Each structure stands twice: as C-alpha cells, then as structure tokens.
Amino acid sequence: MKIGIIGATGHVGRFITNEALRRKHDVVGIVRNVPEEAVPGLTYLQKDLFNLTREDITTFDVLVDSYNAPENEENLHVAAMKHLVNILQNTETRLLVVGGAGSLYVDNKLQTKLYETDDFPVDFKATAANMSAALDYLRNAKNVRWTYLSPSKDFLLNGARTGRYKVGQEQLLLGKYGKSEISMADYAIAMLDEIEEPEHQQQRYTVCAD
C-alpha cells in the first residue's frame, strides 16, 4: 500500500512512518524540509501542505495528516483541513487524520469537550479549539473518504510500544488504572491497523492504553 504522511518528521509522524515501514508499506514523507539523516526505506516529497495538489496525492492509497500548526497560528488547523478536503474530494485516496484529544467529550450526554473543562491547560486551548473546528468541518465534507483518530488525554512520546489498546468513539477513554493515556508508538499501531483493515470510515474514534 502506498502511504503519504504529512509531517513525517514530527513527533507523531515519525512513529507512524516507522510503523508503516515496519509493515513493509511504500511510504512517502511529505515534509517542508528533508532531514539530513535519511530514514532507510523512506522517500520524500518536499512540499508544504498548503501547496499540495490533487495530482500530488492521488497516487497514494492513504494520506495521513500529521500536521501541527505553529504557535499563534492555530487557526491554520482549519485552513489545512479545508485545503485537504478540497484536493481529496472525489478521489479514492483515504484521509487519516492525527487528531487531538481536546475535542473528546467528558460526559455521557456529549455536551462538554475536554478542552472546555476548567483544568484543561490554557496553553493548549487554542490548538484544541481549532482542531475541534477542523474536525467539525471534516464531518460535513462531501465525497471524501476520511477517518479521524484522537489520542488519549496524555499522549506519551516515550511510552512503551505494547501493541495493546482499547477503542472508543466520542468520549474520553480511561484505562484500567483510571488514566487516559496512550503512547505514540501504540497510537501508530492503531492507525496502521485502521489503514490495513478499515473499521472507522467516515468516523472519529479514539484509543487508550489497555
């Protein structure tokens, strides 16, 4: 399977790239700057997300969006989603989005999102609010094959790669010890599992450490 990964050199993007390469997929890292140290088996498309064209992405079976907007430009999350929807409409390329946990609901009635709670870090509220708005835009998009994967509240860069995770839909998940966390390595496993065997097309879902 041919997989394009936007932001392949970022924190989450690296884990997804490595997992895809581990599974022997044909992986293209879509980056603004090609790193000096090459990753074995990875080819690059040096291009900014906003300059991607329909011709660039239709060669991919799957396009992974691991874009992270710069500080003080969090509104670009919505702009990036609009651009991707525009170039992906009426194509066969599937879009898998590295989402945020902030848009997950913390109540059974699905009225309060995590980023709307009092103890949500102020520094991350703009990012969470804009990623939530981008998800809303994606939900209303027509003729795009998409899946949006939200991590848990704590997204662990150095967490263990266990290969185990539990799956939810719109609500924040808790693991067996009452923690809402997932390692980036296990998140990448979950995303590649979805890429290889789709179970959440046209849906947002979430994963948590088992």
Side-chain angles (χ1 to χ4, degrees), residues 5-7 9-16 49-50 63-86 88 95-141 144 146-159 165-191 194 199-210:
I5 301 177
I6 298 169
T9 55
H11 283 320
V12 187
R14 283 202 303 268
F15 281 96
I16 296 169
L49 180 155
F50 293 97
L63 181 66
V64 175
D65 172 21
S66 184
Y67 173 74
N68 189 25
E71 187 176 359
N72 298 321
E73 295 184 80
E74 291 87 355
N75 61 303
L76 291 180
H77 280 291
V78 177
M81 187 64 71
K82 289 180 177 180
H83 180 67
L84 292 177
V85 164
N86 182 54
L88 283 163
L95 173 66
L96 271 84
V97 180
V98 176
S103 59
L104 291 167
Y105 291 95
V106 296
D107 62 312
N108 292 331
K109 293 183 179 180
L110 304 185
Q111 293 182 338
T112 303
K113 296 176 181 179
L114 178 62
Y115 81 88
E116 296 170 330
T117 59
D118 292 338
D119 60 348
F120 191 84
V122 173
D123 290 348
F124 298 114
K125 280 203 173 186
T127 293
N130 279 280
M131 291 184 78
S132 182
L135 171 59
D136 290 340
Y137 184 86
L138 183 60
R139 288 189 201 274
N140 292 314
V144 177
W146 64 270
T147 299
Y148 187 103
L149 176 54
S150 287
S152 294
K153 181 179 179 180
D154 294 323
F155 203 11
L156 307 176
L157 175 64
N158 298 314
Y165 57 87
K166 59 190 292 187
V167 177
Q169 289 294 139
E170 293 293 327
Q171 286 180 270
L172 189 73
L173 288 176
L174 298 178
K176 59 184 176 182
Y177 299 113
K179 294 182 178 181
S180 177
E181 63 181 25
I182 188 78
S183 69
M184 291 187 184
D186 281 344
Y187 177 95
I189 289 173
M191 179 161 280
E194 177 68 23
E199 294 184 358
H200 301 92
Q201 296 192 78
Q202 313 306 116
Q203 295 177 32
R204 186 265 287 276
Y205 75 112
T206 184
V207 289
C208 180
D210 194 6

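Bear in mind the structure is a predicted one, so any value in this text is a computation, not a measurement.
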Check whether [X] reaches the backbone of [Y] with its side chain - one donor and one acceptor, N or O, closer than 3.5 Å.
X    : Y    : result
E74  : N72  : yes
N86  : K82  : no
K125 : G102 : no
N130 : H77  : no
Y148 : R139 : no
Q202 : V144 : yes
T147 : V97  : no
E194 : E199 : yes
S180 : K153 : yes

Hey, does [Y] have a side-chain heavy atom less than 4.5 Å from the side chain of [X]?
X    : Y    : answer
L84  : L49  : yes
W146 : V85  : no
K176 : D210 : no
L149 : V207 : yes
V98  : M191 : yes
F155 : M184 : yes

Non-hydrogen atoms of [X] and [Y] that approach each other most closely:
X    : Y    : value
R14  : T9   : NH1-O, 2.9 Å
A134 : V78  : N-CG2, 3.9 Å
Y187 : G99  : OH-N, 3.6 Å
P151 : I182 : CB-CG2, 3.9 Å
S150 : G100 : OG-O, 2.7 Å
S103 : R204 : OG-NH1, 2.9 Å

Roughly how far, to the nearest 0.5 Å, is the [atom2] atom of [Y] from the [atom1] atom of [X]?
X    : Y    : atom1 : atom2 : value
Q203 : E170 : CD    : CD    : 9.0 Å
L172 : K113 : CG    : NZ    : 13.5 Å
Q169 : Y105 : CD    : OH    : 13.0 Å
S183 : I189 : OG    : CD1   : 7.0 Å
D107 : L114 : CG    : CG    : 11.0 Å
I16  : I6   : CD1   : CD1   : 11.0 Å

Decide if atom [atom1] of [X] counts as having more than 12 heavy atoms of other residues, nucleotides or ligands within a radius under 6.0 Å.
X    : atom1 : result
D119 : CG    : yes
F120 : CZ    : yes
E71  : CD    : no

Quiz item: After noting the C-alpha distance and the side-chain angles of T117 and T112, does the key distance pass the side-chain contact (heavy atoms from CB on, under 4.5 Å) rule?
Solution: CA-CA 7 Å; T117 59; T112 303; 4.1 Å; yes
Self-check item: Aromatic ring pairing H200/Y205, orientation class (parallel under 30°, perpendicular over 60°, tilted between)
Solution: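 Ring orientation, 0 to 90° scale: parallel.
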